[in-house]
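Some notes on the structure that comes next.
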Amino acid sequence: MNEPTATHGGRVNVLTTPDVIDTIAGLRATLAEAGERDSGGRPRLVLVPTMGALHAGHLALVRRARELGDIVVVSIFVNPLQFGAGEDLSTYPRTLGEDVAALATVGVDVVFAPTRQVMYPHGPGSTRVTAGNVGTLYEGAARPGHFDGMLTVVCKLINIVGPDVVVFGQKDAQQVFLVEAMLADLDFRPVIEVVPIVREEGGLALSSRNRNLVEEQRAAARALSAGLAAAASVAGRGAAAAEEAARALIDAQPLVKLDYLVVVDPQTFLPVAADHHGPARMLVAALVGSTRLIDNAALDLN
Ligand code: PAF
């Protein structure tokens with residue numbers, strides 16, 4: 001690990017180039033050593049799981065992680081278990097050098113970037129954490145097995161790193177719901193911290209897949225966030241009015257092929273009843289060209 005260069009919250013932290021570690025044993029040794037060096041008791045460890053191709057949304061997760069703990073570990077692993085046949089596993093951007101440079105600007109201690117061989121030495125294995133019914137809806141309906149693969153790797157990463165806190169972005173709302181459920185249902189130790197969506201000017205939610213969009217598609221994709229904003233502005237009239245407002249804007253964009261638009265109850269993540277009152281969340285997914293985009297927003301249905 002680098003020599004400490006700054007203090008944070010009364011403890012010593014590192015704000016230079018992070019250590020990049022690609023083995024489980026190496027990671028554990030580094031974290032154990034850092035723990036021993038820390039004189040203020042057991043350091044608080046925060047994990048930010050990512051698949052790399054980092055953007056400002058990821059850096060917001062890391063900044064929050066930095067506030068919450070003493071040692072920040074960012075994992076970078078494009079997890080094959082969460083990609084289905086015909087999805088973009090082979091073309092998913094892999095930009096480790098750029099990612100590490102970006103992470104150095106926000107004070108990450110360790111980048112854990114294992115190979116597939118390290119994570120799945122005997123192939124994908126047969127054990128899975130299953131996401132249950134909610135895992136088969138919305139993104140799960142479009143991407144069968146995606147959430148089981150995601151939860152399985154998050155479970156592995158938590159077991160490998162041993163964090164006190166795991167940080168996720170609100171942009172993947174269904175992922176957040178399912179990770180929260182897993183942590184609670186299986187009595188995991190870490191708590192989850194959820195960071196608000198970061199949007200570019202014009203409203204498009206930041207995503208590693210945005211880099212696949214040409215300018216015309218990027219402009220059209222703004223209909224998703226515009227639709228969500230329109231829905232939020234009429235949410236006082238109920239879920240149907242919110243859906244109608246969002247659809248009107250999204251359907252007006254021929255380059256945007258809506259997959260689903262749904263208003264869910266944040267407690268159950270199931271579609272709300274027509275007369276639902278109170279907090280809700282609108283989820284949207286669409287294909288823009290061959291790029292799948294998702295977004296969501298809180299609604300107050302009164
Ligand atoms: O959100 C992601 O990037 C991935 O689903 C995650 C949580 C890193 C698991 O592979």
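All residue numbers in this chain count up from 1 along the given sequence. Every number for a ligand or one of its atoms is a count from 1 in the order of the listing.
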- Could you tell me whether Met51 approaches ligand 1 through its side chain, its backbone, both or neither, with non-hydrogen atoms closer than 4.0 Å? both
- Which atoms from ligand 1 have a heavy atom of Met150 less than 4.0 Å away? 5 (O)
- Query: CG/Asp265 to CZ/Arg281 distance, rounded to the nearest 0.5 angstrom?
  - Reply: 12.0 Å
- Are any non-hydrogen side-chain atoms of Arg199 and Leu204 less than 4.5 angstrom apart? no
- Query: Using 4.0 Å as the upper bound for N to carboxylate O, is an ion pair formed by Arg64 and Glu67?
  - Reply: yes
- Taking atom CZ of Arg237 as the centre, report whether more than 12 heavy atoms of other residues, nucleotides or ligands fall under 6.0 Å from it. no
- Query: Which residue from Asn79, Thr50, Val48 reaches closest to atom 8 (C) of ligand 1 through any of its heavy atoms?
  - Reply: Thr50
- Distance from atom 4 (C) of ligand 1 to nearest protein heavy atom, with residue and atom: Gln82 NE2, 3.6 Å
- Just need the protein heavy atom nearest to atom 2 (C) of ligand 1, so name the residue and atom and give the distance. Gln175 NE2, 3.9 Å
- Task: Check ligand 1 against Pro49 and write out every atom of the ligand that is under 4.0 Å from a heavy-atom position of the residue.
- Result: 8 (C)
- Message: Quick check on contacts: which atoms of ligand 1 are under 4.0 angstrom from a heavy atom of Val153?
- Response: 9 (C), 10 (O)
- With under 30° as parallel and over 60° as perpendicular, where do the rings of Phe83 and Tyr92 fit, or are they tilted in between? perpendicular
- Message: Could you tell me if the side chain of Tyr138 sits less than 4.5 Å from the side chain of Phe269, heavy atoms only?
- Response: yes
- Task: Could you list which atoms of ligand 1 come closer than 4.0 Å to a heavy atom of Phe168?
- Result: 7 (C)
